[in-house]
Amino acid sequence: MLKKVYVSLIADLVHAGHISVLREAKKHGEVTVGLLTSNAIAELEDTSYLKYEQRLKVIENLEMVTEVIPQNNASYKENLESLRPDFVVHGNDWVIGKQSKYRQEVIELLNTWGGELIEIEYSSDISDQNIKEQLMRLGVTSVQRLHRLRTLINNQDIVLMLEAHNALSALIAEHTSVERNGKTVSFDGVWSSSLTDSTAKGKPDIEAVDITSRINAVNEIFEVTTKPMIFDGDTGGKIEHFEFTVKSLERTGVSAVVIEDKTGLKKNSLFGNEVEQKQDSIENFCKKIKAGKDAQITDDFMIIARIESLILEQGMEDALTRAEAYISSGADGIMIHSRQKDPSEIIEFMKKFRKKDKKTPVVVVPTSFNSVTVEEFIDLGVNIVISANHMLRSAYPAMSRVAKSILENGRSLESEEDCMSIKEILEIIPGTK
Ligand code: SPV
Ligand code: MG
């Protein structure tokens, strides 16, 4: 009888390394591939460009492969225990790094029934990761960028967006990463904020910056970055105008637009009822959502309905009723906003909303309720957290201090401590030298 061989693969971008592993596997017997599902890939803090079914079609047609089964976890345990293979074949690229613990588990499991791990030399220039990094350097097409947000929402516990008001702040969103609780964390994309885009242009946040200027700023950001964008569409304007906005954003490669249920002269939400602001009727706002959904061309573009009931003190019930109505009209997600420092109204909304609706993506902008952590938002069932204005708010105080210092000292020597060096500028922007 042929021996049983198990190979675990993501197989997103199939390359020579995969072929070597499968050829080697075939030499030892009948090959079963455990194809990682999206959840399993997410456990490895990765995402795939292709869906499970698309990857399956490629792998099941390779002559070396007898059968493909899903591998539902990053750990091989479930499949190995049910299959009890004689061999597991893997590239030797998992000896160190985040997969090494799974390797250890595989060795221990195989030992219990006398199986063997075969590792083959894996050249680093053909790894998935390397190919993905090279692709990122080449850039992304508008279609790939647009699609990416949905993939992230489907594959990650939470999606983190950072405000960018120009290309430089977007580069910070693109490249910043830190270690937190033993994991590398970075932002998943960019928020084009109407507040900070207007402020950067010296204008009030009242829809005074026209959509062409807003989209110009988006294009400047997209020229130098690859991550997806959520666009703050304010009220969306007149229904007939919103249809054009949707098409333009989609063409540019924006993944989602958030429109808020206000009407007339829009003011920034963080003013609440301190200024005159009017909420739209449910009926009219639903019409706008529907018109936007009808106007879009791709399946992936998202229209996210932003509920201003808590901002305008209309109560929890109004917020929940509107959420339901907007979703029924086709909204792909909702954003619930609050300007309270205390997060209790957001928590209450999430608990009540998630009781009825487990799957519609929810976005929050915790500018005021900024004590809540990412983990707490995950527990509440929030899908996207937007840090909506922090790049602009942090840059401005330094600029202000430096301007004063140059005047006060009659020279710029003292202001240097607030400035990055010219050498650093040369380093952050590729191609400056
Ligand atoms: C923005 O960033 O422009 C927003 C969020 O719309 S808020 O400023 O909180 O209204
Ligand atoms: Mg705004």
Side-chain angles (χ1 to χ4, degrees), residues 1-134 155 179 181-184:
M1 204 179 78
L2 274 177
K3 300 238 170 178
K4 286 192 270 183
V5 189
Y6 185 78
V7 177
S8 163
L9 294 176
I10 294 178
D12 194 16
L13 303 154
V14 177
H15 53 69
H18 295 119
I19 302 297
S20 309
V21 167
L22 292 170
R23 282 239 167 89
E24 180 65 27
K26 179 78 191 281
K27 281 189 208 158
H28 296 274
E30 201 160 68
V31 180
T32 300
V33 169
L35 192 61
L36 267 70
T37 58
S38 304
N39 284 343
I41 298 171
E43 263 187 74
L44 294 170
E45 293 151 44
D46 202 352
T47 48
S48 61
Y49 285 90
L50 301 179
K51 294 182 186 138
Y52 181 88
E53 292 70 27
Q54 295 171 312
R55 293 180 284 121
L56 175 65
K57 271 207 183 110
V58 176
I59 295 302
E60 69 185 2
N61 279 298
L62 295 179
E63 57 162 12
M64 299 80 100
V65 177
T66 304
E67 196 191 3
V68 185
I69 57 172
Q71 183 175 318
N72 295 309
N73 307 297
S75 159
Y76 293 33
K77 195 167 191 275
E78 191 182 55
N79 283 357
L80 291 192
E81 280 179 342
S82 77
L83 204 69
R84 294 174 77 88
D86 303 287
F87 300 99
V88 169
V89 181
H90 200 288
N92 65 358
D93 56 331
W94 66 340
V95 176
I96 47 169
K98 59 187 171 194
Q99 288 203 53
S100 61
K101 63 176 179 207
Y102 303 114
R103 175 181 184 265
Q104 199 47 45
E105 189 183 50
V106 167
I107 294 172
E108 282 161 21
L109 281 164
L110 285 171
N111 278 342
T112 61
W113 59 83
E116 192 188 328
L117 172 65
I118 299 171
E119 290 176 317
I120 69 161
E121 192 63 40
Y122 215 72
S123 147
S124 64
D125 61 1
I126 52 168
S127 80
D128 269 14
Q129 212 43 45
N130 254 297
I131 293 178
K132 279 186 188 174
E133 276 166 22
Q134 281 166 19
N155 290 319
E179 291 295 313
N181 302 336
K183 285 184 181 170
T184 307

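Looking at every heavy atom in both residues, I59 comes nearest to V14 through CD1-CG2, 4.3 Å. In terms of heavy-atom proximity, A40 sits nearest to A74 at CB-N, 3.9 Å. Residues P70 and T37 share a closest heavy-atom pair of CB-CG2, 3.9 Å. Between L117 and W94, the closest heavy-atom pair is CD1-CZ2, 3.9 Å. The two residues L35 and I10 have their closest heavy-atom pair at CD1-O, 3.6 Å. For V89 against V21, the heavy-atom pair with the smallest separation is CG1-O, 3.8 Å.
Of the inter-residue distances, the one linking I69 atom CD1 with E78 atom CD reads 8.5 Å to the nearest 0.5 angstrom. The distance from the CZ atom of R103 to the CG atom of N92 is 8.5 Å, given to the nearest 0.5 Å. Of the inter-residue distances, the one linking D93 atom CG with E121 atom CD reads 10.0 Å to the nearest 0.5 angstrom. Taking CZ of R55 as the start and CG of L36 as the end, the distance is 7.0 Å to the nearest 0.5 Å. We find the CG-CG distance between N79 and L109 to be 11.0 Å, quoted to the nearest 0.5 Å. Once rounded to the nearest 0.5 Å, the distance linking CG of D12 with CD of Q54 reads 9.0 Å.
The shortest distance between side-chain heavy atoms of P85 and W113 falls below 4.5 Å. Side-chain contact between I118 and H28: present, with at least one pair of heavy atoms (C-beta onward) separated by less than 4.5 Å. At a threshold of 4.5 Å between non-hydrogen side-chain atoms, the residues M64 and V7 do not count as touching. A heavy-atom distance below 4.5 Å is not found between the side chains of D86 and V5.
The aromatic rings of Y76 and Y6 sit perpendicular, their planes meeting at an angle over 60°, well past the 30° parallel limit.
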Stepwise side chain to side chain contact (heavy atoms under 4.5 Å, CB included) test for Q99 and H90: CA-CA 11 Å; Q99 288 203 53; H90 200 288; 4.0 Å; yes
Show, in sequence, the C-alpha distance, side-chain angles and deciding distance for T32 and E30, and conclude whether the side chain to side chain contact (heavy atoms under 4.5 Å, CB included) test is met. CA-CA 7 Å; T32 300; E30 201 160 68; over 6 Å; no
Check the pair E67 / V33 against side chain to side chain contact (heavy atoms under 4.5 Å, CB included), numbers first and verdict last. CA-CA 6 Å; E67 196 191 3; V33 169; over 6 Å; no
Could you walk me through whether V88 and L80 pass the side chain to side chain contact (heavy atoms under 4.5 Å, CB included) test, one step at a time? CA-CA 9 Å; V88 169; L80 291 192; 3.9 Å; yes
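With respect to the salt-bridge test (charged N to carboxylate O, under 4.0 angstrom), the residues K26 and E63 do not qualify. Between K57 and E53 no salt bridge is recorded (no basic side-chain N to carboxylate O distance below 4.0 Å).
Side chain of K4 to backbone of L83: a donor-acceptor contact under 3.5 angstrom is found. The closest donor-acceptor contact from the side chain of H18 to the backbone of H15 lies under 3.5 Å.
A donor and an acceptor atom, one from each side chain of E105 and S75, are located under 3.5 Å apart.
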